[in-house]
Asks: 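After the structure tokens below, expect a handful of questions from me.
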Amino acid sequence: YARTLFVVGLDNPGYRDNLRIAEDLDALIKKHYPGLSRGILRKQGRGVDGIYNQDISPNMILLEIGGVDNNIEEVLNTVEAFSKVFFEYTENR
């Protein structure tokens with residue numbers, strides 16, 4: 001598995017909605033796949049893109065999966081795991 005990281009831009013005026021979704025999904029990942037998530041990175045301030053197009057919708061998330069040390073199989077394993085978590089999240093909304 002490749003680890004996940006949510007990125008939330010705090011310079012977006014409506015960031016609280018995006019952050020809530022990231023927190024909910026992060027909690028589900030941690031519940032079902034302990035150790036898979038690296039958590040939530042909150043970005044803001046001068047010289048930082050603290051929006052990440054998350055101002056387009058209150059339902060927008062940015063999810064990073066893996067890094068340079070991961071192979072495609074690890075990434076695909078994580079995509080499958082995340083899809084199960086995301087399905088559970090959307091079913092309970």
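Computed from a predicted structure; not experimentally measured.
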Asks: To the nearest 0.5 angstrom, please state how far the CG atom of Leu76 sits from the CG atom of Asn70.
Replies: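 Leu76 atom CG to Asn70 atom CG measures 11.0 Å (nearest 0.5 Å).
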
Asks: Taking only residues two or more places apart in sequence or in another chain, which ones pass salt bridge (Lys or Arg N to Asp or Glu O under 4.0 Å) with Lys30?
Replies: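 In terms of salt bridge (Lys or Arg N to Asp or Glu O under 4.0 Å), with neighbours along the sequence ignored, Lys30 is linked to Asp26.
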
Asks: Would you please name every residue forming a ring pair (Phe, Tyr, Trp, His ring centres under 6.0 Å) with Phe82, sequence neighbours left out?
Replies: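 For Phe82 the ring pair (Phe, Tyr, Trp, His ring centres under 6.0 Å) partners, ignoring immediate neighbours, are Phe86.
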
Asks: Taking everything shown except Asn53 itself, do over 12 heavy atoms lie less than 6.0 Å from its CG?
Replies: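 Atom CG in Asn53 is not packed in, count stays at 12 or less.
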
Asks: Tracing side-chain links under 4.5 Å among I, L, V, M, F, W and Y, which residues wind up in one group with Val68?
Replies: none

Asks: Starting from Ile51, walk the hydrophobic network (Ile, Leu, Val, Met, Phe, Trp, Tyr; side-chain heavy atoms closer than 4.5 Å) and list everyone else you reach, by chain and number.
Replies: none

Asks: Hey, can you pull the donor-acceptor pairs under 3.5 Å for the side chains in residues 5-14, sequence neighbours left out?
Replies:
from, atom 1, to, atom 2, distance (Å)
Asp11, OD2, Gly45, N, 3.1
Asn12, OD1, Gly14, N, 3.1
Asn12, ND2, Asn18, OD1, 2.9
Asn12, ND2, Gln54, O, 3.2

Asks: Can you name the nearest heavy-atom pair linking Leu36 to Ala2, along with the distance?
Replies: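 Here Leu36 and Ala2 meet closest at CD1-O, 3.4 Å.
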
Asks: If you measure from CG on Leu19 to CD1 on Ile40, what distance do you get to the nearest 0.5 Å?
Replies: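 If we round to the nearest 0.5 Å, Leu19:CG and Ile40:CD1 are 5.5 Å apart.
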
Asks: Can you sort out the partners of Glu74 under salt bridge (Lys or Arg N to Asp or Glu O under 4.0 Å), two or more places apart, ordered by chain and number?
Replies: none

Asks: Side-chain atoms of residues 57-64: list all donor-acceptor pairs with protein atoms under 3.5 Å, sequence neighbours left out, distances to 0.1 Å.
Replies:
from, atom 1, to, atom 2, distance (Å)
Ser57, OG, Asn59, N, 3.0

Asks: With side chains defined as the heavy atoms from C-beta onward, is the minimum distance between Asp49 and Lys43 less than 4.5 Å?
Replies: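 In short, these two side chains do not touch, never coming nearer than 4.5 Å.
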
Asks: How far does CZ of Arg3 sit from CD1 of Ile65, to the nearest 0.5 angstrom?
Replies: 13.5 Å

Asks: Is there a side chain to side chain contact (heavy atoms under 4.5 Å, CB included) between Ile21 and Asp17 once you walk through the steps?
Replies: CA-CA 7 Å; Ile21 293 170; Asp17 292 327; 5.7 Å; no

Asks: For Arg16, check salt bridge (Lys or Arg N to Asp or Glu O under 4.0 Å) against everything at least two apart and list the hits.
Replies: none

Asks: May I ask you to test the Leu28-Asp24 pair for a side-chain heavy-atom distance under 4.5 Å?
Replies: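 Of all side-chain heavy-atom pairs linking Asp24 with Leu28, none is under 4.5 Å.
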
Asks: Write out all pairs satisfying ring pair (Phe, Tyr, Trp, His ring centres under 6.0 Å) with one or both partners inside residues 23-68, taking only residues at least two apart or from two chains.
Replies: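 Qualifying pairs, neighbours excluded: none.
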
Asks: Applying salt bridge (Lys or Arg N to Asp or Glu O under 4.0 Å), name anything that partners Glu80, two or more places apart in sequence or on another chain.
Replies: Lys84

Asks: Just jot down the side chain to side chain contact (heavy atoms under 4.5 Å, CB included) partners of Glu73, sequence neighbours excluded, or say none.
Replies: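 Per chain and number, Glu73 pairs via side chain to side chain contact (heavy atoms under 4.5 Å, CB included) with Asn71, Asn77.
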
Asks: Under the side-chain hydrogen bond (donor to acceptor under 3.5 Å, both in side chains) test, which residues partner Arg93, sequence neighbours left out?
Replies: Tyr89

